[in-house]
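Accompanying notes for the structure given below.
Chain A is the first sequence line, chain B the second, and so forth, proteins listed ahead of strands; every chain is numbered from 1. Only a predicted model underlies this, so the values are computations on that prediction, with no experimental measurement involved. Scope of the values below: all heavy atoms of this structure, side chains included, with no hydrogens, waters or symmetry mates.
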2 protein chains.
Amino acid sequence: MAVARTLMKREPPARKRRGHGAVLISDVARLAGVSAITVSRTLNKPQIVADSTRRAVQAAVDRLGYIPNRLAGNLASTQTRTIGVVIPSLFSNIFADSVRGMTDVLGSEGYQVLLGVTDDSLDMETKHVVSLLGQRVAGVILTGGMHQRRTRELLKNSGVPVVETNVMVRSSIDMVVGYSNEAAAYAMTRHLARCGYRRIGFVTTPMERNDRAQARRAGWLRAVREFGLVERAGLFREATLTVSHGARAFGEMLASDPDVEAVFLAHDMLASGAMFEARRRGLRVPDDVGIAGFDDLDIAQEFVPALTTVRTPRYAIGSTAARMVLQRIRGEATGSACVDMGFEIVQRDSTRRPPA
Amino acid sequence: MAVARTLMKREPPARKRRGHGAVLISDVARLAGVSAITVSRTLNKPQIVADSTRRAVQAAVDRLGYIPNRLAGNLASTQTRTIGVVIPSLFSNIFADSVRGMTDVLGSEGYQVLLGVTDDSLDMETKHVVSLLGQRVAGVILTGGMHQRRTRELLKNSGVPVVETNVMVRSSIDMVVGYSNEAAAYAMTRHLARCGYRRIGFVTTPMERNDRAQARRAGWLRAVREFGLVERAGLFREATLTVSHGARAFGEMLASDPDVEAVFLAHDMLASGAMFEARRRGLRVPDDVGIAGFDDLDIAQEFVPALTTVRTPRYAIGSTAARMVLQRIRGEATGSACVDMGFEIVQRDSTRRPPA
DNA sequence: GTGAAAGCGCTAACAC
DNA sequence: GTGTTAGCGCTTTCAC
């Protein structure tokens, strides 16, 4: 018998490697007078153990302050209750709102969020995905639809449910929930054209490696061409996502093209900067220049004049993404879903009104 | 022989439970012609394996697309590279900036962040701590110094490094890094008094279960009394953390006490609301009323007039907290540390200037 | 409804 | 420098 021989080859060293006094399931089992598996069942599927057993186990758990080791549990069950979430940044409520939507849904179902921030770097994104997969997350939620090929393959091969958010993409990894950035920017530009603006500048956050920003620019450009608006290089600018850079980009645009009639900034923080800059320069909004933003942050409606913007369903995107992942995990849903949550043009006072 | 008898009692069912085609360390080992432990060493301590071996293993890893199962690895080594971070919310750059400081430091050292958001609920905080401990995180970073007793005990008994942030507390769980909210609010109130304001209102975010807010109010009150300023119930208000609520609280304070000379709002988002509300009411800032904020968000310097505020070292708090945890994990530091990162009064144009 | 045995996929410890 | 063995602390499977 190979097995027996091997086992007897050497005396078991009987060494224990247990970390500092952690309470084990066996300790609880002993105190409760049951087996380890019964403790496990009491904790995970309370309904299948007898009432009296459950009480005894629960008492032992409380008395010892037992906290199950999830590493062991997850390894044994080959599943976790962790969802990996990868976002470009936390600077702006855009993603914070979505993450909140996710944690709300996930938390109530006993799932946790393992967060990765990429700073718009696709290398970082890939690193995070590898790491998440290494931790055997039960699902992954990404931002945008632009990923390295390795990321896509890793994810597809893993068989883990994946949701790409904040975009509408043609060839998704798995599932998608968001809205069309192109359509949203197009819609706002069209709206501005209807309000009578012909010379409409556009400011976006850096487009490299950011498909949302690229799509927004594309939407603006399509409208510019469709409606025969003024098309000039000076009417486009990139600015990093801070109020100050929004102000600066707006100022530079005015300098290079003093006749600009309206500026559409692809983020309310950028637009805030423009509003302040206009004030500093003594420009009246919307009489001298119209200003429009994107996202409808809380602050947009407080500005004087209130900011015209595009409202995006950030929280709902997060909560929906979370729900889609959970459904897939539970086998309640199959096939790739692509949910368009839409957007909304919010006309306020920072742009001229459209004709009635 | 008890061992042998047990083993032979039943034929080994030879069943495999392996999840969908995941590549195992044994697969890599076989392809590379080495043992599993050599693969493990190549991946974790490359310097201790021979060059040729390392190359062979690396090639096999790449070829098979092997991603180590961290659950198994962490269980076996009884340690993880995950740090639990618990914050009240993501709505405002306050915590986002700190989290960024943490992910920057932690990420570069191969550690990850497991994020828990409490919405200012101590019950939630405890739940998150239990969950983090269950995952055997290598460290925990909390916000504030107010926790349920159970949280404190759990953490202390766990032996895991803990940092409480954004406060200076007397009886910390383990380590602390932040600044004194009381001192900061006191300093700003004193500054306003020096600028000639006698009737100084104070608006804070809800204080219940928020020791930072409580401390700020205490600092304001201490200064009011020390400098013999006007003390009236109407000069204090709580407002949830949105621009709109800041505007509303400011408006209500003006209504209840039209003679208020300056309002100190304990968050720049609240102060932003006040700035907008002042503009809406046609009040000149700082001539008719002075407005001061807290945190020095990017937007503070852009306001017209620019906002006087308290600058807090948010990013540094996060990065320092992360570093402290890492040092402790590596045994480079012992004993409880309490790091005061300080703050700074930033005088701008939304309040009168102090006499020279 | 409960228990015994056998893993989950790695790494620590020790041997060579 | 590399291999063998025995766990890490749970849950799965199967038996009763």
_dG3(C), OP1 or OP2 - any side-chain N/O from S35(A) closer than 4.0 Å?_
yes

*Once you round it to whole Å, what is the distance between P of dC10(C) and CG of L133(A)?*
13 Å

*OP1, OP2 of dC10(C) versus side-chain N and O of Y66(B): anything below 4.0 Å?*
yes

_As a test of reading the structure: which of dC14(C), dT11(D), dT2(C) is closest to the side chain of V49(A), going by heavy atoms?_
dT2(C)

_Presence of salt bridge, D174(B) and R328(B), under 4.0 angstrom_ = yes

*asked:* OP1 or OP2 of dG9(D) versus the side-chain N and O atoms of S26(A): is any pair under 4.0 Å?
replied: no

*What is the nucleic acid contact for N74(B), judged by heavy atoms within less than 4.0 Å: base, sugar-phosphate only, or nothing?*
nothing

*Can you tell me how far P of dT11(C) sits from CD1 of I48(B), to the nearest Å?*
12 Å

*Is R100(B) salt-bridged to D104(B), going by a charged N under 4.0 Å from an acidic O?*
yes

*Starting at CG of L43(B) and ending at C1' of dA12(C), how long is that distance when rounded to a whole Å?*
17 Å

*For I37(A) and dC14(D), what is the distance between atoms CD1 and C1' respectively, to the nearest whole Å?*
12 Å

_So, applying side chain to side chain contact (heavy atoms under 4.5 Å, CB included) with Y111(A), which one of V105(A), I329(A), V325(A) is it?_
I329(A)

*Toward the 5' end of DNA chain D, which comes first, N44(A) or A50(B), by nearest nucleotide?*
A50(B)

*Could one point to a donor on the side chain of R54(A) or the base of dG1(C) with an acceptor on the other under 3.5 Å away?*
no

*Can you see which heavy atom on D211(B) is nearest to which on G145(B), and at what distance?*
OD2-N, 2.6 Å

*In whole Å, what is the span from the CG atom of L75(A) to the C1' atom of dA6(C)?*
13 Å

*What nucleotide, of dC10(D), dG1(D), dT11(C), holds the atom closest to the side chain of I25(A)?*
dC10(D)

_Nearest-angstrom distance from the residue atom CZ of R81(A) to C1' of dC10(D)_ = 16 Å

*Does D27(B) reach the main-chain N or O of L24(B) with its side chain, forming a donor-acceptor pair under 3.5 Å?*
yes

*asked:* Could you tell me how far apart L71(A) (CG) and dT11(C) (C1') are, to the nearest whole angstrom?
replied: 13 Å

*How long is the line joining CG of L24(B) and P of dG7(C), in whole Å?*
14 Å

*What about R70(A), does its side chain sit under 3.5 Å from the base of dG9(D) through a donor-acceptor pair?*
no

*With the side chain of N69(B) defined as its heavy atoms from C-beta on, choose the nearest nucleotide among dG9(D), dA4(C), dG9(C).*
dG9(C)

*Quick one: do E109(B) and R323(B) make a salt bridge, cutoff under 4.0 Å?*
no

*Nearest-nucleotide wise, let me know which of V39(B) and Q47(A) is further upstream toward the 5' end of DNA chain C.*
Q47(A)

*Among dG7(D), dT2(D), dT4(D), find the nucleotide with the atom closest to the side chain of A76(B).*
dG7(D)

*asked:* So if I take every side-chain heavy atom of A72(A) and compare against dT12(D), dC8(C), dC10(D), which nucleotide ends up nearest?
replied: dC10(D)

_Distance below 4.0 Å between T38(B) side-chain N/O and dT2(D) OP1 or OP2_ = no

*Report yes if at least one side-chain N or O of S40(A) is closer than 4.0 Å to OP1 or OP2 of dC10(D); otherwise report no.*
no

*Would you say dT12(D) has OP1 or OP2 under 4.0 Å from some side-chain N or O of K45(A)?*
yes

